[in-house]
Amino acid sequence: MSWTLALPEIVLSCAGMAILIYGVLARDNAFRMASMFTVGAMLLAGVLVMAGVPGLGYSGMFAVDAFSGFVKLLILAAAILGVILSLDYIEQENLRRFEFPVLMLFATIGMMLMASSVNLMSLYMGVELMSLSIYVLAAFARDDLRSSEAGLKYFVLGALASGLLLYGISLVYGFSGSMSFGDLGRLLSDKDHASTGVTVGVVFIVAGLAFKISAVPFHMWTPDVYEGAPTPVTAFMGTAPKVAAMALLLRVLGGPFGHLLAQWQQLIVLVAVASMLLGSLAAIGQKNIKRLMAYSSIGHMGYALVGLAAGTPLGVKGVLIYLVTYVFMNAGAFACILAMRRRGRAVEGIADLAGLAKTDLGLALWLAVFMFSMAGIPPFSGFWGKLFIFQAAVSQGLWALAVIGVLTSVIGAYYYIRIIKVMFFDDSAEAFDARPASLSVVAVAGGLFTVLFFAFAAPVEAAALAAAKAIFG
Amino acid sequence: MNAAGFPLLSLLTFLPLVGCAIILAVRGDDAVVASNARWTALWTSLIVFALSLLLWVRFDQADGGFQFVESLSWLPSIGITYKMGVDGISVLFVLLSTALTPICILASWESIQTRVREFMIAFLVLETMMVGMFCALDFVVFYIFFEGVLIPMYLIIGVWGGPRRVYAAFKFFLYTLAGSVLMLLALLAMWVLAGSTDIVVLMKTQFAPAMQNWLFLAFFASFAVKVPMWPVHTWLPDAHVEAPTAGSVILAGVLLKMGAYGFLRFSVPMLPDATASFAPFIFTLSVVAVIYTSLVALAQTDMKKLIAYSSVAHMGVVTMGIFTMNVQGLSGALFQMLSHGVVSGALFLCVGVVYDRIHTREIARYGGLADRMPAYALAFMVFTMASVGLPGTAGFAGEFLVLVGAFKMNFWLALLGSTGMILGAAYMLYLYRRVIFGALTRDDLKNILDLSPREIAIFVPLLVLTIWMGIAPSSFTGFWDASVAHMVDHHRAALDATIKLAGIVK
């Protein structure tokens with residue numbers, strides 16, 4: 001019994017419960033201490049992930065390999081950035097409750113479980129643990145109408161997606177007789193077992209996961225939930241869960257259903273094209289920056305899916321690199337958005353950024369870096385992500401997809417540089433309040449990562465390739 | 001391995017960023033910061049220029065290959081290296097970039113008064129991108145610098161530009177980006193086919209003729225916008241008119257050359273069959289550019305717009321010369337690129353001089369400046385003559401060689417191309433007459449001051465270059481003769497190989 005395989009998850013779970021007890025017993029300011037403990041526990045889990053030994057355990061439900069290691073580290077990094085981003089916002093908005101970081105921590109455990117799952121059942125457990133925690137987080141500002149609406153909307157639609165996922169799982173199980181990825185992979189390599197029922201099941205599973213990464217046509221919840229949820233929750237939702245769900249999609253489609261490439265490839269191509277188009281076109285008219293980021297994330301997931309559509313280790317490598325760059329630029333951009341406060345109140349309009357370069361050059365420069373990076377302009381990290389996924393698409397001869405992809409990136413560039421225009425070209429509005437150090441830390445960390453990515457692209461690329469090979473095994 | 005003994009090209013590329021760091025590090029009140037930014041930027045760019053003179057001295061003109069080559073492992077698993085080097089085709093453009101940057105910084109000394117620090121940083125970043133692009137010997141490195149130019153230029157036009165700057169900046173950015181991303185796909189296709197992004201390797205790789213056509217079109221989308229060729233030139237007049245003087249100078253002087261350089265570095269040597277089959281298409285667009293934009297220039301009422309359209313016409317001559325694929329045509333195209341870089345840059349500076357004083361570029365608002373500004377009139381005249389292509393000035397040798405090359409290809413091509421010279425004389429002399437001669441009628445022009453010492457310092461080097469290039473063109477053509485001959489041989493050999501292959505298949 002190799003229970004030590006899940007040591008990072010076990011440590012995190014124990015830490016989560018300990019923090020809950022601490023929160024109940026502590027007299028005052030439990031929120032800040034609980035957040036600190038959460039970050040500490042996550043760092044510890046990160047170390048344990050790095051020290052992890054590859055293996056398969058828990059009756060073949062849980063695997064540790066290069067892929068899970070890579071994804072878990074990324075998830076932990078995103079979660080830590082998320083917790084730091086929430087530190088000051090939660091206090092300023094009077095939401096000071098110690099459950100907040102704990103919920104983030106449990107969501108993170110769910111995501112780590114997703115990264116390690118090699119069985120449809122453990123997959124579903126991971127997805128639900130993550131989703132339920134995030135439903136609560138989205139509605140965390142419970143006296144705020146928009147936040148409650150966001151939580152409820154996310155919950156209703158999310159439950160529907162979970163239903164789809166579960167239905168797909170049951171179809172696959174019914175028609176193939178197994179839920180283990182290894183067995184499924186062996187069974188489906190034989191054409192006779194790859195029945196229509198399994199294919200339908202795969203479509204449902206893809207639909208359920210596409211909801212989690214907010215790919216078109218399962219994106220409807222995204223703008224409303226992004227706008228309504230407290231901003232640090234939006235930042236968190238935009239990074240770690242996307243990584244986890246995308247990783248799961250990679251593992252499910254690459255591993256057990258790898259032999260059904262012909263069946264799911266067109267599906268992924270369609271979803272990718274629709275996401276890229278909607279992400280770039282619908283964002284043009286947005287006036288609220290959180291809504292804009294919602295459409296931007298839809299577009300980004302479309303690009304990431306281009307790599308998956310290639311269906312090769314090269315493509316999966318591209319997706320992983322894309323996710324790495326995406327997490328850091330997204331977290332950094334949200335740090336800048338969180339810094340948008342006037343006289344103690346958060347503002348969210350794009351027009352509120354007017355002339356930021358005159359009032360706060362540092363903030364404007366970092367946000368400009370993130371915007372250029374998201375538009376895919378070199379030398380920033382966003383360019384490298386796009387480079388690798390389009391390389392995978394081109395090497396598989398997916399020309400139409402690649403051409404649509406690069407052209408939508410030009411359309412998308414329009415709204416990214418529009419933000420830069422507002423900050424640099426327009427006359428300045430009133431200055432923002434002094435921003436807390438926590439936001440500067442995240443913005444600078446994300447910014448340095450984005451700017452200097454070219455310098456350490458080689459090790460990231462090597463790690464991503466090793467991870468990609470692990471799932472195709 | 002490296003004629004300088006140290007990584008000269010990387011130093012030239014990244015030294016401006018050190019200047020940026022120094023500018024960023026200085027704190028204090030606005031006046032101190034602004035003055036510090038100006039001086040730091042000037043000295044940085046002068047040091048870079050002085051270092052780049054090593055290229056002029058140490059470059060071996062007999063060698064047609066790449067020199068000063070540096071190579072550093074970057075992403076070895078996928079075949080990307082950080083590789084820099086110059087050959088006869090690129091070396092003078094590195095020098096052009098490093099020479100124009102200090103001139104531009106001097107030209108912005110007084111005309112840029114707001115956010116001086118940011119302006120100087122943007123300009124130094126721009127220099128890094130330009131120099132890096134001309135030095136890059138790896139396609140990915142090239143692409144990064146090629147696209148990276150967009151960032152500082154977008155800000156320069158958008159922040160310090162004229163009334164319609166936002167429109168112009170967006171148009172510039174999106175036009176160029178749309179072209180570039182298609183080139184990115186061509187880059188990836190070559191990467192997949194050749195397994196490397198090393199430009200030297202790619203030059204030796206033979207791509208299937210059908211693939212070549214697609215690759216050519218993708219490159220064309222990018223470089224044609226950048227050159228710019230008719231009909232995708234419309235971003236240029238807007239960008240030029242709205243950009244501050246220094247931005248226009250760099251735009252005309254260096255950025256337009258990036259497109260033509262791209263044709264010379266990628267399209268022509270890597271895709272010989274497609275080059276041969278697309279040449280008539282390029283000639284057609286070039287001739288239209290030469291004649292049509294010259295006529296448009298004749299009708300302009302804005303000085304900058306007139307020079308912008310003349311740039312399109314001059315670059316039409318360049319693309320015509322490149323695709324003749326003979327020694328005269330290529331050599332002429334390179335010379336024309338260089339002379340246009342100096343002369344059109346100088347002309348934009350001339351516009352900037354009067355704009356700083358009167359704050360209008362309307363041609364009708366001027367007249368009779370010869371009385372009050374004799375030194376200015378002289379400088380303007382030399383550059384006008386060079387733009388027209390008067391023998392003895394920089395403009396002559398390039399146009400003449402291109403027409404000789406075109407004549408070897410096709411009589412009508414040469415004939416139509418040469419109408420551009422006539423029309424060029426018409427619009428430039430017409431401009432000069434309206435601005436400099438005539439009666440001095442307007443009150444505000446009566447007190448206008450002649451060139452200040454700073455402006456003289458800007459114009460003297462450009463004047464010297466213009467005359468030097470006119471009198472002794474061989475001191476410039478010598479740099480690229482070996483490379484051009486090598487390129488033409490390579491092209492012929494590749495075409496012969498294709499014909500032979502076709503014979504075998506039959």
Side-chain angles (χ1 to χ4, degrees), chain A residues 314 317 355 357-358 361-362 364-365 368-369 371-373 375-380 383-384 386-397 399 401-403 405-414 416-418 420-426 454-462 464-466, chain B residues 24 73-78 80 82 114-115 117-118 121-122 128-129 132 140-151 154-161 165-167 169-170 172-193 195 197 214 218 221:
Chain A
L314 205 61
K317 177 192 84 175
K358 282 181 197 140
L361 182 62
L365 274 181
V369 164
M371 290 299 132
F372 277 128
S373 177
I377 307 295
F380 302 130
F383 162 74
W384 291 94
K386 289 204 168 69
L387 184 76
F388 285 111
I389 53 138
F390 285 126
Q391 187 204 12
V394 165
S395 68
Q396 288 301 300
W399 286 105
L401 189 60
V403 171
V406 295
L407 290 181
T408 53
S409 84
V410 177
I411 304 173
Y414 169 76
Y416 292 126
I417 63 171
R418 190 167 64 107
I420 297 167
K421 172 231 153 198
V422 171
M423 290 190 301
F424 282 83
F425 305 173
D426 289 0
F454 67 89
F456 49 87
V460 173
E461 193 263 350
L465 189 63
Chain B
L24 270 178
S73 167
W74 191 5
L75 282 161
S77 58
I78 44 177
I80 303 178
Y82 169 79
T114 54
R115 301 203 239 172
R117 186 167 66 144
E118 287 92 323
I121 290 173
T128 290
M129 298 294 173
V140 174
V141 180
F142 171 86
Y143 188 83
I144 289 173
F145 287 121
F146 187 85
E147 284 248 299
V149 166
L150 290 182
I151 298 174
Y154 172 72
L155 295 175
I156 287 172
I157 296 176
V159 176
W160 295 277
R165 62 210 159 101
V166 174
Y167 172 75
F170 272 84
F172 164 77
F173 194 97
L174 294 176
Y175 254 71
T176 333
L177 183 65
S180 303
V181 294
L182 292 174
M183 176 170 75
L184 180 66
L185 289 184
L187 183 166
L188 292 170
M190 285 181 145
W191 184 358
V192 169
L193 290 172
T197 52
W214 286 110

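No hydrogens, no waters, no symmetry mates; every other heavy atom, side chains included, goes into these values. Here the structure is a predicted model, which is why all the values come from computation and not from measurement.
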K.L.:
Given a strict heavy-atom distance threshold of 4.5 Å, which part of A:Phe383 is in contact with chain B: side chain, backbone, both, or neither?
P.N.:
side chain

K.L.:
What option among B:Leu150, B:Leu193, B:Val159 has the most heavy-atom pairs under 4.5 Å with chain A?
P.N.:
B:Val159

K.L.:
Please list all pairs meeting side-chain hydrogen bond (donor to acceptor under 3.5 Å, both in side chains) that have one or both residues in residues 181-193 of chain B, counting only residues at least two apart or in different chains.
P.N.:
none

K.L.:
Check the angle between the aromatic planes of B:Tyr154 and A:Phe425 and answer parallel, tilted or perpendicular using the 30° and 60° thresholds.
P.N.:
tilted

K.L.:
Quick one: pull up NZ in A:Lys386 and CG in B:Leu188 and give me the separation to the nearest 0.5 Å.
P.N.:
13.0 Å

K.L.:
Check each atom of A:Phe380 against the heavy atoms of chain B and say whether the ones under 4.5 Å are side chain, backbone, both or neither.
P.N.:
side chain

K.L.:
Determine the option with the most heavy-atom pairs under 4.5 angstrom with chain B, choosing from A:Leu465, A:Leu407, A:Leu387, A:Val403.
P.N.:
A:Leu387

K.L.:
Can you tell which part of B:Ala169 gets under 4.5 Å to a heavy atom of chain A, answering side chain, backbone, both or neither?
P.N.:
side chain

K.L.:
Less than 4.5 Å to any heavy atom of chain A: does that hold for the side chain of B:Val181, its backbone, both, or neither?
P.N.:
both

K.L.:
Within the structure provided, determine whether B:Val140 and A:Trp384 are in side-chain contact (heavy-atom separation under 4.5 Å).
P.N.:
yes

K.L.:
Ignoring hydrogens, what is the shortest heavy-atom contact between B:Leu177 and A:Ala413? Give both atom names and the distance.
P.N.:
CD2-CB, 3.4 Å

K.L.:
Which heavy atom of A:Trp399 sits nearest to which heavy atom of B:Ala189, and what is that distance?
P.N.:
CH2-CB, 3.4 Å

K.L.:
Who among A:Glu461, A:Arg418, A:Gln391 has the most heavy-atom pairs with chain B under 4.5 Å?
P.N.:
A:Gln391

K.L.:
A:Phe372 versus chain B, heavy atoms under 4.5 Å apart: side chain, backbone, both or neither?
P.N.:
side chain

K.L.:
Please look at B:Phe145 and chain A and tell me whether the side chain, the backbone, both or neither of the residue comes under 4.5 angstrom of a heavy atom of that chain.
P.N.:
neither

K.L.:
Sort A:Phe456 into side chain, backbone, both or neither according to what part of it lies under 4.5 angstrom from a heavy atom of chain B.
P.N.:
neither

K.L.:
When rounded to the nearest 0.5 angstrom, what distance separates CD1 in B:Ile78 from CG in A:Leu314?
P.N.:
8.5 Å

K.L.:
Measure distances from B:Leu174 to the heavy atoms of chain A and classify the residue's part below 4.5 Å as side chain, backbone, both or neither.
P.N.:
both

K.L.:
With sequence neighbours left out, write down each residue that passes side-chain hydrogen bond (donor to acceptor under 3.5 Å, both in side chains) with A:Tyr414, or none if nothing qualifies.
P.N.:
none

K.L.:
Name the option with the most non-hydrogen atom pairs under 4.5 Å to chain A; the candidates are B:Arg165, B:Arg115, B:Glu118.
P.N.:
B:Arg115

K.L.:
Between B:Ile80, B:Val192, B:Ile144, who has the most heavy-atom pairs with chain A when the cutoff is under 4.5 Å?
P.N.:
B:Ile144

